[in-house]
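Start at 1 and go down the list; that is how both ligands and their atoms are numbered.
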Amino acid sequence: MLTGGSPDVVVIGAGPIGLATAWRCAERGMRVTVHDPDPGSGAADVAAGMLAPVSEAHFGERALTRLLVASAAGWPDFAARLTERTGLDLGYRTEGTLSVAVTADDLAEAERLWAYQRELGLPITPLRPAELRDREPLLATRLRGGAYAPGDHQVDPRRLVAALRVAVAAAGATVLPRPVGSLDEMTAAGARVVVAAGCGTAQLTGLPVRPVKGQVLRLRAPGGAAPGFRHVINGYVDGRDVYLVPRHDGEVVVGATVEERGDLDVTASGVLELLRAATDLLPELGEYHLVEARAGRRPGTPDNAPLIGPLPGRPEVLVAGGHYRHGIVLTPLTADLVADLLVTGVPDPLLAPFAPDRFGPPNPGRSGRAGIGPDRVGPGGRPDTE
Ligand code: GLY
């Protein structure tokens, strides 16, 4: 540890991963400051909060699936500890996820994935249409089949960030709502630096992180009622993918488009696509109030798996970025592994496939600006956090 008032660790980015890392480090006795000009305003402010290692297990991503499964296994303890420290409800729910296919083509595609997920030993059980409707009576009658993933849970990312901010402060760490300087500025006082800056990671580190836009809607059940369904619904709807995430407070998150671009415009066709797929699955949603339409940027890497470990050529800088669609589920494990790495200097073997040097040396000219509006990202700007 350093002496005097300077921090041992500077975390760049006050999204869930930056905050959780700061919390874990502070609870281990390190002095921590977190820098973010607009804490909590990045991708987590839009995210649905699915903790879905099974439903998100895709062909060709075995190492990532192992990481998702390991992090999801830590979520019950993480959520319990965070609630115990803060007294705050995270909206953590464990009813599980129903995948639902509407047409015969949708079912053919989904069944191939479910078979792969079962081959990996993941808990997913096929269900017939009548069994789906036994679980969720409001599902549309036009369904071909589905599957139940009991271990795929959810949390409310906005509540998560609020709780982490309280936990970080209670553990003695400081969040500085200031513009983020260069890495050199951050390391100048001798602190170790953790870059958890979402899409802003590209410009700070030169690593290949690109923005992948997602449009997301929030509906609300009329009359202050709870939504008429309990499970997260992962839908295959006439070739479109949609997920529906019900909250106890009446909110339903409908997501998300996946667009290889970095603007934050909400488009009529994006909203139409999501609402059409959502109401094809659950017609009742047509009567809900549309209360929010937003877009966020997922931080994607060339293999869409995260970058966790030392920045090539800068061992005093650790990267915890590029979590793409998985920032929320990967929060507990990323935070613990980065805190361990700061203490031991030795990356956990689980991190080997996610080393930041796997795409070659950083490219300092990489601005991360491609497709990003002028108000965003960079020294003096606002990092997109996970
Ligand atoms: N995690 C879901 C999404 O990125 O849309």
Would you mind writing out a table of all protein N or O atoms found under 3.5 Å from any N or O atom of ligand 1, naming both atoms and giving the distance to 0.1 Å?
{"unit_1": "ligand 1", "atom_1": "1 (N)", "unit_2": "Arg325", "atom_2": "O", "d": "2.8"}
{"unit_1": "ligand 1", "atom_1": "4 (O)", "unit_2": "Arg298", "atom_2": "NE", "d": "2.6"}
{"unit_1": "ligand 1", "atom_1": "5 (O)", "unit_2": "Tyr243", "atom_2": "OH", "d": "2.6"}
{"unit_1": "ligand 1", "atom_1": "5 (O)", "unit_2": "Arg298", "atom_2": "NE", "d": "3.4"}
{"unit_1": "ligand 1", "atom_1": "5 (O)", "unit_2": "Arg298", "atom_2": "NH2", "d": "2.8"}

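- In summary, the side chains of Asp152 and Thr97 do not present any donor paired with an acceptor at a separation below 3.5 Å, with no hydrogens or angles considered.
- A 4.5 Å side-chain heavy-atom check between Val161 and Asp45 finds every atom pair outside the cut-off.
- With hydrogens and angles left out, the side-chain atoms of Thr267 and Gln215 include a donor and acceptor closer than 3.5 Å.
- Residues Asp265 and Lys213 are not paired through a salt bridge, judged by the lack of any N-O separation under 4.0 Å between the basic side chain and the carboxylate.
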From CA spacing to verdict: ring-ring contact (aromatic ring centres under 6.0 Å, His included), His231, Tyr148:
CA-CA 9 Å; His231 299 82; Tyr148 177 48; 5.7 Å; yes

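- Using cut-offs of 30° and 60° for the angle between ring planes, the Trp114 and Tyr236 rings count as perpendicular.
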